[in-house]
Amino acid sequence: MLQVQFIRDHKEEVIQKLAKRNLEVSGQIEQVLQLDEERRATQTTLDAILAESNKLSKEIGMLFKSGKAQEANEIKKKTAGLKEESKELTEKLNSVAAQLTELLYTLPNIPHDSVPEGNSDEDNEVIFEEGEVPSLQDGALPHWELAKKYDIIDFDLGAKITGAGFPVYKGKGARLQRALIAYFLDKNTEAGYTEYQVPHLVNEASGIGTGSLPDKEGQMYYIGQDDLYLIPTAEVPVTNFYRDELLNEGDLPLLATAYTPCFRREAGSYGAHVRGLNRLHQFDKVEIVRIEHPERSYEALEGMVDHIKGILRELKLPYRILRLCGGDLTFSSALTYDFEVYSTAQERWLEISSVSNFETFQANRMKLRFRDAQGKKSLAHTLNGSSLALPRVLAGILENYQTSEGIVVPEVLRPYTGFDIIS
RNA sequence: GGAGAAAUGGCAGAGUGGUCGAAUGCGGCAGUCUUGAAAACUGUUGAGGGUCACACCUCCGGGGGUUCGAAUCCCUCUUUCUCCGCCA
């Protein structure tokens, strides 16, 4: 959520920078400023009435104490009108404040200056590419064929017990999943991230904190009976550890990592591109989250990018890094780098990680602040990234490591799998 | 699931209708003393809104109510603890 104070002080800048997202928000900004003005005016009037009412109440108290009940009752009569007025104003204030918040919820984060112009994923900027695309033999298979051939993922069984998009991993496939999770968590903890295991259901406040709610896209699974949401990513529970916290500057940065399953309804996305592991309703992901000092958050973002690069290098997967353009940037993010692995058999790039700096956008929603040495309080910056999303990494491994003998396990994973080939 | 108790500032803990944003202790910060440190002593120390700055307003788990006035009374929700039951 953008800060009202910032919008007040930088109105034109906000309008101009949100244009990068191909949004024309001048009408909404005007409305925000108007509601804010109204909110403050109402508050001021209400405060004056409450002050008067407090004063009278104190007088009444003193009069009763000194036995002057009659005088007290006289003053009591005067309070009735004030009470009525304050009630009306409070209602108005609540209504205006609610409208303001609702409107602010509709405004996405301001893109960083380095975010390229553009409308869709086609305008994303490739900033880095590394790794060799293996030349596969004739008859190279896409991962869903390989999964069937080696009996390591059963999509039909998942569809039977739950539905489409809920695969069952089996045998060496299941073991490989476990290996990847352990490997990623180890890499993250080595880099200083504290490992957590977190709930897979969150309450509404947490969803709002990270910007997942209000969920206009209907992406989250909702458990109505208990008013809880299945997490779409570990980002939601982990970042919300720090909701409503006032940290000390010395506590920063805070680094956390967690493995969780992720649940996404993916309403409306069907077709060839969602085959196999490409898009699922439930998938596994290891996430990294950082709470940073605003002055160091972009340095931290680059650090996260380097960290993920290191993992992909070790896995020896061909990958590239994109800087997302304004049109493709997610709602809460100021700057996002996407990592994509080249899926040789499908001959396409698969997104396996998204690393973002949200600056104060989430922190403002969740009131995550820190106090500096001078005692000044500021919103912290929140960042997160996948390190990594499993299904597409698995797809990349299956397709790129396939040989006539079977699927070779990347070397760094062998201590975790206990086998070096799936045949 | 049933019965009971509780939720107050960074922490501990008082406050059961009136000048309480809240005693006291610990902790933190500043100072005095000291070569330095400790101890002792003195002062200071919650958050949000609002203001140029004050004033002023709001906040004692969340929401609602009673009252001229609520941390304090009532309703409700959440969480924690104790006991019983069930259970991986």
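Within every chain, numbering begins at 1; the chains are lettered A, B, ... in the order of the sequence lines, protein sequences first and strands thereafter. Quick caveat, the model's predicted, so the values are computed rather than measured.
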Practice problem: Check whether the side chains of A:Y169 and A:D154 place a donor and an acceptor atom closer than 3.5 Å, and report yes or no. | Solution: no
Exercise. For A:T79, report the nucleic acid contact type (base, sugar-phosphate, nothing); a contact means any heavy atom under 4.0 Å.
Key: sugar-phosphate
Practice problem: For A:L280 and A:E266, work out which heavy atoms get closest and say how close. | Solution: O-CG, 3.9 Å
Self-check item: B:G17 versus B:A70 - spacing of their C1' atoms, nearest Å
Solution: 7 Å
Quiz item: With both distances kept under 3.5 Å, what pairs with B:U51, Watson-Crick or G-U wobble?
Solution: none
Self-check item: Same-atom distance (C1') from B:C56 to B:U24, integer angstrom
Solution: 30 Å
Quiz item: Under a 3.5 Å cut-off for both distances, is B:A7 Watson-Crick or wobble paired, and to whom?
Solution: B:U78
Quiz item: Does any nucleotide pair with B:A71 by Watson-Crick or G-U wobble geometry, both distances under 3.5 Å, and what is it?
Solution: none
Quiz prompt | Partners meeting salt bridge (Lys or Arg N to Asp or Glu O under 4.0 Å) with A:E30 (sequence neighbours left out) | solution = A:K11
Quiz item: In terms of ring plane angle, is the pair A:F263 and A:H200 parallel, tilted or perpendicular, where the classes change at 30° and 60°?
Solution: tilted
Quiz prompt | Range on RNA chain B touched by chain A, heavy atoms, distance below 4.0 Å | solution = B:G18 to B:G69
Exercise. Select base, sugar-phosphate, or nothing to describe what A:L56 touches, counting heavy atoms under 4.0 Å on all strands.
Key: nothing
Exercise. Between B:U8 and B:G4, how far apart are the P atoms? Round to whole Å, please.
Key: 22 Å
Quiz prompt | Pairwise P distance for B:C74 and B:A7, with rounding to whole Å | solution = 13 Å
Quiz item: Of A:K76 and A:T44, whose nearest nucleotide on RNA chain B comes first from the 5' end?
Solution: A:T44
Quiz item: Distance between the P atoms of B:C54 and B:U45, in whole angstroms?
Solution: 14 Å
Quiz item: Can you tell me the Watson-Crick or wobble partner of B:G1, both distances under 3.5 angstrom?
Solution: B:C84
Quiz prompt | Residue mapping more 5' on RNA chain B - nearest nucleotide basis, A:L46 or A:S53 | solution = A:L46
Exercise. State plainly whether the residues A:D36 and A:R40 are in salt-bridge range, i.e. N to O under 4.0 Å.
Key: yes
Practice problem: For A:K377, answer base if it contacts any base atom (sugar-phosphate contacts may also be present), sugar-phosphate if it contacts only those atoms, and nothing otherwise; contact means non-hydrogen atoms under 4.0 Å. | Solution: sugar-phosphate
Quiz item: If we take the P atom in both B:A23 and B:U16, what is their distance in whole Å?
Solution: 15 Å
Quiz prompt | Between OG on residue A:S332 and CZ on residue A:F361, distance to nearest 0.5 Å | solution = 5.0 Å
Quiz item: With both distances under 3.5 Å as the test, what is the Watson-Crick or G-U wobble partner of B:C41?
Solution: B:G31
Quiz item: Between A:Q99 and A:E38, does any side-chain donor sit less than 3.5 Å from a side-chain acceptor?
Solution: no
Quiz item: Rounding to the closest angstrom, what is the interatomic distance between B:C81 and B:C75 at atom P?
Solution: 24 Å
Practice problem: Would you please test A:E13 and A:K17 for salt bridge (charged side-chain N to carboxylate O under 4.0 Å, His left out) and show each step? | Solution: CA-CA 6 Å; A:E13 185 188 338; A:K17 289 192 169 177; 3.2 Å; yes
Quiz prompt | Watson-Crick or G-U counterpart of B:C59, or none if no pair lies under 3.5 Å | solution = B:G46
Quiz prompt | Interatomic distance at C1', B:G64 relative to B:U82, whole Å | solution = 30 Å
